[in-house]
Amino acid sequence: MVLSDLQQQIRDLARDFAREQLAPGAAARDREHRFPRAELSEMGELGLLGMLVPEEYGGSNTGTLAYAAALEEIAAGDGPCSTIMSVHSSVACVPILKFGTEEQKQRFLPKLASGEWIGGFALTEPQAGSEASNLRSRARLDGDHYVLDGAKQFITSGKNGQMIIVFAVTDPDAGKKGITAFIVPTDTPGYEVVRVEEKLGLHSTDTCQIAFSSMRVPAELRLGAEGEGYRIALANLEGGRIGIGAQAVGMARAAFEAARDYARERTAFGKAIIEHQAVAFRLADMATQIEAARQLVFHAAALRDNGLPCLSEASMAKLFASEMAERVCSDAIQIHGGYGYMADYPVERIYRDVRICQIYEGTSDVQRMVIARNL
Ligand SMILES: CC(C)(COP(=O)(O)OP(=O)(O)OC[C@H]1O[C@@H](n2cnc3c(N)ncnc32)[C@H](O)[C@@H]1OP(=O)(O)O)[C@@H](O)C(=O)NCCC(=O)NCCSC(=O)CCS(=O)O
C-alpha cells in the first residue's frame with residue numbers, strides 16, 4: 001500500500017512531533033505515572049486528535065489510512081499517547097459522528113477534535129469483557145432524563161477525560177437489542193471514578209473502574225435509538241481495532257529501531273553484533289514482520305475509507321500486529337542482552353506497553369472468533 005503525498009505529509013508531521021515532543025519525555029511520564037495533558041493539547045493543535053472528524057466540526061478529516069499512519073508514529077514515540085489518541089478518535093469521536101444528532105455533533109465534536117476534551121468508551125464491565133452483551137448497567141427513563149446505575153471496568157481516560165460513551169441496558173428482556181448508548185460528560189453528578197488501576201504498562205494513561213449511581217443523563221444525550229447501543233459499540237470497535245493494530249506496529253517499530261541501533265554500536269567477539277548473522281537475521285525477521293503487520297493495518301484502513309466491509313480485515317490487522325509486536329519487542333530485548341531488561345533502555349518500557357494490544361478492544365481470541373465467523 002502506497003500512501004498519497006498528503007498522507008505521507010500527515011505521517012511525517014506526526015513522526016516529527018513524536019520524535020521531538022513525545023519520545024524524549026516518555027520514560028519520565030512512565031516512571032511518574034503522569035498523564036500527558038500538555039502533549040495531548042499540542043496533538044490537538046496539530047489536528048492529530050480530530051483526524052476522523054470532518055472540518056465542519058473542527059476536525060482535520062484525513063481519513064482512516066492517514067490516521068493509521070499517524071497513529072503508528074505517535075505510538076513509536078510514546079505508546080500511552082497513542083492509546084489515548086486511539087480510544088479518543090476511533091471509539092469516542094466516530095460514534096458521535098456516525099450516530100449522533102446534529103446538535104450532539106455541534107456540541108461535542110469541536111471540543112474533542114481540538115483536544116480541549118478527551119473522550120473515552122465504556123462498554124466493558126467487571127463481569128462483561130469478551131462477552132460484551134452481558135451488561136448489568138441499567139438505564140431507565142425518568143421524565144426527560146435517563147437514570148443510570150452500574151459499573152464499568154478498564155476505561156481509558158475515565159478520570160482525565162471529559163466525555164465517555166456509555167452503554168447500558170434499557171430493556172432487560174430484549175437481550176442485545178436492549179442496550180442503549182449515551183454521551184456522558186464526566187462531570188455529571190453520579191459519575192464516580194472508583195479506582196485508577198495499577199498496571200504492567202501504559203503508566204501515563206488512566207485505566208479506571210467507574211461507578212454510576214442514580215446518574216441522571218439528559219435524554220438528548222442518548223446516542224442513537226434505544227436498543228441500538230450494541231450495534232453502535234461493535235461497529236465502532238471495528239475501527240478501534242485498526243487503530244490498535246497501528247499502535248502495535250508503531251511500538252514494535254520503536255523497539256526494532258532501538259535494537260538495530262544498539263546492534264550497530266555494541267561489539268562482541270571483535271565486531272559490532274549486527275555483523276553476527278544471528279543478530280542480523282533476527283533483525284531482518286523483525287523488520288519483515290513489522291512491514292507485514294503494517295500492510296494489514298493499511299489494507300483494513302483503506303477498505304474503511306472506501307466504505308467497504310472490513311470487519312475481518314480489522315480483526316486480522318489487530319490480531320497479527322499485536323501478536324507480532326510482543327515477539328518483536330521480546331527480540332529487541334534479547335538483542336540488548338541484560339541491558340534490555342533494565343529500565344535505562346526503552347525496550348523494557350515498550351515491551352510492557354505493547355502487551356495490552358492483544359487484550360483491549362477485543363482479545364486475540366475474540367479477533368479469531370470474528371475472523372472465523374466470516375470464513
Ligand atoms: C465476541 C463478539 C464479537 C460477539 O458478538 P455478538 O455475537 O454478541 O454480536 P452479534 O450478534 O454478531 O452482533 C450484534 C449486532 O451488532 C451488529 N454488528 C456486529 N458487528 C458489527 C459491525 N462491525 N458493524 C455494524 N454492525 C455490527 C450485528 O449485525 C448485530 O445486529 P443485528 O442483530 O443483526 O441487527 C463481541 O461480543 C465482541 O466483540 N466482544 C469483545 C468486546 C470488546 O472488544 N470489548 C472491549 C470494549 S473497550 C472498553 O469498553 C474500554 C476499554 S478502552 O478501549 O478504553
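Whatever order the structure lists ligands and atoms in, that order sets their numbers, starting from 1. Quick note: residue numbers are just sequence positions, from 1.
Residue Tyr360 has no N or O atom closer than 3.5 Å to an N or O atom of ligand 1. Backbone and side-chain nitrogen or oxygen atoms of Arg241 are examined, and one is located within less than 3.5 angstrom of a nitrogen or oxygen of ligand 1. Distances between N or O atoms of Ala122 and those of ligand 1 include no value under 3.5 Å. Between Ser133 and ligand 1, no pair of N/O atoms sits closer than 3.5 Å.
Ring geometry for His336 against Tyr345 counts as perpendicular: the plane angle is over 60°, on a 0 to 90° scale with 30° as the lower cut.
For the pair Thr188 (side chain) and Pro185 (backbone), a donor-acceptor distance under 3.5 Å is present. Within the 3.5 Å criterion, the main-chain N or O of Lys199 finds a donor-acceptor partner in the side chain of His203. For Asp206 (side chain) and Asn160 (main-chain N/O), a donor-acceptor pair under 3.5 Å exists by modelled atom type.
Only the backbone of Ser130 comes within 4.0 Å of ligand 1, judged by heavy-atom distances. Residue contacts with ligand 1 for Val366 involve side-chain atoms from C-beta outward but no N, CA, C or O (heavy atoms, distance under 4.0 Å). Heavy atoms of Thr124 found under 4.0 angstrom from ligand 1 belong to the backbone as well as the side chain. Residue contacts with ligand 1 for Gln367 are absent, since no atom lies close enough (heavy atoms, distance under 4.0 Å).
Close approach to Arg231 involves these atoms of ligand 1, each under 4.0 Å from a residue heavy atom: 16 (O), 17 (C), 26 (N). Taking every heavy atom of Thr156 and a limit of under 4.0 angstrom, the matching atoms of ligand 1 come to 53 (S), 55 (O). Atoms of ligand 1 lying under 4.0 Å from at least one heavy atom of Leu311, given by number and element, are 23 (N). Near Met369, meaning under 4.0 Å from any of its heavy atoms, are these atoms of ligand 1: 1 (C). Residue Gly362 approaches ligand 1 through these ligand atoms, each under 4.0 Å from one of its heavy atoms: 43 (C), 44 (O). Taking every heavy atom of Glu361 and a limit of under 4.0 angstrom, the matching atoms of ligand 1 come to 44 (O), 46 (C), 48 (S), 54 (O). Against a heavy-atom cut-off of under 4.0 Å, Leu237 is close to the following atoms of ligand 1: 43 (C), 44 (O). In summary, the atoms of ligand 1 found under 4.0 Å from a heavy atom of Lys176, numbered by their order in the structure, are 6 (P), 7 (O), 8 (O), 9 (O), 11 (O).
Neither Met163 nor Leu48 shares a network with the other; the hydrophobic side chains, linked directly or stepwise wherever heavy atoms of I, L, V, M, F, W or Y lie under 4.5 Å apart, form separate groups for each.
If you check which protein heavy atom lies closest to atom 36 (C) of ligand 1, you get Tyr230 OH, 3.6 Å. The closest protein non-hydrogen atom to atom 20 (N) of ligand 1 is Leu234 CB, 3.5 Å. Counting only heavy atoms of the protein, atom 23 (N) of ligand 1 lies nearest to Glu238 OE1, 2.6 Å. The protein heavy-atom contact nearest to atom 25 (C) of ligand 1 is Ala235 CB, 3.6 Å. In this structure, the protein non-hydrogen atom closest to atom 3 (C) of ligand 1 is Val370 CG2, 3.8 Å. Protein heavy atom at the shortest distance from atom 34 (O) of ligand 1 is Lys177 NZ, 4.5 Å.
Remark: Arg136 does not engage Glu125 in a salt bridge, criterion side-chain N to carboxylate O under 4.0 Å. At a threshold of 4.0 Å, the pair Glu323-Arg327 does not count as salt-bridged, since none of the basic side-chain nitrogens sits closer than that to a carboxylate oxygen. Of the charged side-chain nitrogens involved, none lies within less than 4.0 Å of a carboxylate oxygen, so that Arg15 and Glu257 do not count as a salt-bridged pair. Under 4.0 Å is where a charged nitrogen must lie from a carboxylate oxygen, and between Glu238 and Arg304 at least one such pair does. A salt bridge does not link Glu361 with Lys318: none of the charged nitrogens is closer than 4.0 Å to a carboxylate oxygen. Salt bridge Asp285/Arg282: absent, no basic N to carboxylate O contact under 4.0 Å.
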Please evaluate residues Gln247 and Ser82 with respect to the criterion side-chain hydrogen bond (donor to acceptor under 3.5 Å, both in side chains), reporting the C-alpha separation (whole Å), side-chain torsions for both, the decisive distance (0.1 Å), and the verdict. CA-CA 6 Å; Gln247 283 187 263; Ser82 71; 2.9 Å; yes
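Residue contact annotation: Arg373 has a non-hydrogen atom under 4.0 Å from ligand 1. At least one heavy atom of Gly129 sits closer than 4.0 Å to an atom of ligand 1.
Rounding to the nearest 0.5 angstrom, the gap separating the CD atom in Gln106 from the CD atom in Glu56 is 7.5 Å. Rounding to the nearest 0.5 Å places CZ of Arg19 at 14.5 Å from CG of Asp78.
Looking only at atom types and distance, the side chain of Tyr360 has a donor-acceptor partner in the side chain of Thr83 under 3.5 Å away.
For atom 30 (C) of ligand 1, the nearest protein heavy atom is 4.0 Å or more away.
A distance of 6.0 Å or more separates the ring centres of Tyr57 and Phe108.
When Gly243, Ala132, Ala233 are checked for heavy-atom proximity to atom 42 (C) of ligand 1, Ala132 turns out nearest. Taking only non-hydrogen atoms, the option from Phe154, Phe121, Phe167 nearest to atom 48 (S) of ligand 1 is Phe121.
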